[in-house]
Amino acid sequence: MKSEAKTPDEYLAELPEDRKVAIQKLREVALKNLPTGFKEVISYGMLGYVVPHEIYPKGYHCTPKLPLPFFNVASQKNSINIYHMAIYADTNLYNWFVEEYPKHSAAKLDMGKGCIRFKKIDAIPFELIGELLSKITPQQWIEMYENAFIKK
């Protein structure tokens with residue numbers, strides 16, 4: 001369900017009420033916990049948090065005109081999904097999240113490499129997501145990203 005919204009507020013306004021509440025809460029968690037330097041945008045038709053070109057002029061290697069993506073939140077057909085690029089890039093962070101998740105949610109973890117799907121809104125572990133978001137600064141993400149994805 002790719003959105004055509006141009007701003008985060010437009011994105012939220014077009015959501016069904018139950019999804020709007022949950023995604024607004026995820027937005028608040030992101031804005032409260034992300035280290036300084038990340039910027040909120042609409043990215044790939046989702047609510048996104050990126051390293052802006054002012055900090056990382058090279059942008060995203062797949063599409064350099066776009067800022068470096070870090071975290072996204074999306075309302076999909078059957079779930080609310082979050083996409084965390086560093087979980088995909090860093091095995092230690094991935095393992096930490098998988099180990100911590102059952103302490104915060106009774107729902108089974110539905111996770112791909114960097115995508116976490118929540119079919120039930122009440123299963124979203126907001127506190128854990130906040131902790132996850134607080135762990136990496138934009139500079140740490142740039143270093144991790146270049147080590148994991150940029151060919152030398």
Side-chain angles (χ1 to χ4, degrees), residues 1-56 59-60 66-145 148-149:
M1 295 177 18
K2 185 174 179 181
S3 171
E4 298 299 321
K6 303 290 184 225
T7 69
D9 288 333
E10 286 178 16
Y11 182 82
L12 286 167
E14 67 187 27
L15 295 172
E17 200 56 40
D18 62 331
R19 297 279 183 100
K20 186 182 297 184
V21 170
I23 290 182
Q24 177 61 39
K25 189 164 182 183
L26 284 166
R27 181 186 191 196
E28 291 167 6
V29 165
L31 293 171
K32 178 182 176 189
N33 289 283
L34 280 168
T36 301
F38 289 105
K39 181 178 179 182
E40 183 181 54
V41 297
I42 294 296
S43 176
Y44 297 98
M46 301 177 268
L47 193 56
Y49 300 88
V50 301
V51 179
H53 283 107
E54 301 87 66
I55 295 174
Y56 189 65
Y60 186 39
L66 294 177
L68 180 61
F70 179 68
F71 179 70
N72 288 81
V73 177
S75 177
Q76 301 294 359
K77 182 178 180 181
N78 296 313
S79 59
I80 290 177
N81 296 356
I82 63 171
Y83 303 86
H84 193 285
M85 297 295 291
I87 280 184
Y88 178 68
D90 182 347
T91 305
N92 291 330
L93 189 62
Y94 176 92
N95 291 338
W96 170 84
F97 186 83
V98 169
E99 184 178 313
E100 287 295 313
Y101 181 84
K103 300 174 188 174
H104 296 266
S105 180
K108 181 181 179 203
L109 180 57
D110 183 0
M111 184 173 179
K113 289 184 178 179
C115 172
I116 306 161
R117 294 169 286 275
F118 300 101
K119 291 188 174 136
K120 294 182 178 176
I121 291 170
D122 61 350
I124 300 171
F126 295 102
E127 185 178 313
L128 178 62
I129 293 167
E131 188 175 348
L132 173 66
L133 293 175
S134 72
K135 287 187 169 292
I136 298 172
T137 67
Q139 190 57 44
Q140 289 169 319
W141 171 230
I142 291 167
E143 291 169 19
M144 191 182 301
Y145 165 76
F149 301 109

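Just so it is clear, the values below take in all heavy atoms, side chains as well, and ignore hydrogens, waters and symmetry mates.
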Are the side chains of Leu34 and Phe70 in touch, meaning some heavy atoms are under 4.5 Å apart? yes
Apply the test ring pair (Phe, Tyr, Trp, His ring centres under 6.0 Å) to residues Tyr60 and Phe149: give CA-CA distance (whole Å), side-chain angles for both, the deciding distance (0.1 Å), then the verdict. CA-CA 10 Å; Tyr60 186 39; Phe149 301 109; 8.2 Å; no
With sequence neighbours left out, what residues match Glu4 under side-chain contact (heavy atoms from CB on, under 4.5 Å)? none
The complete set of salt bridge (charged side-chain N to carboxylate O under 4.0 Å, His left out) pairs with one or both residues in residues 93-108, sequence neighbours excluded, reads Glu100-Lys103
Beyond-backbone contact of Tyr11 with Val73, side-chain heavy atoms, under 4.5 angstrom: no
Quick one: side-chain contact (heavy atoms from CB on, under 4.5 Å) partners of Val98, sequence neighbours excluded? Tyr94, Leu109, Met111
Tell me, do Ile87 and Ile116 make a side-chain contact under 4.5 Å, heavy atoms counted? yes
For the CZ atom of Phe118 and the CG atom of Leu26, what is their distance to the nearest 0.5 Å? 7.5 Å
Just to verify, what does Thr137 make a side-chain hydrogen bond (donor to acceptor under 3.5 Å, both in side chains) with, not counting sequence neighbours? Gln140
Is there a donor-acceptor contact under 3.5 Å linking the side chains of Ser79 and Asn81? yes
By side-chain contact (heavy atoms from CB on, under 4.5 Å), Asp110 pairs with (sequence neighbours left out) Arg117, Lys119
According to the salt bridge (charged side-chain N to carboxylate O under 4.0 Å, His left out) rule, which pairs have a member within residues 133-144, sequence neighbours left out? none
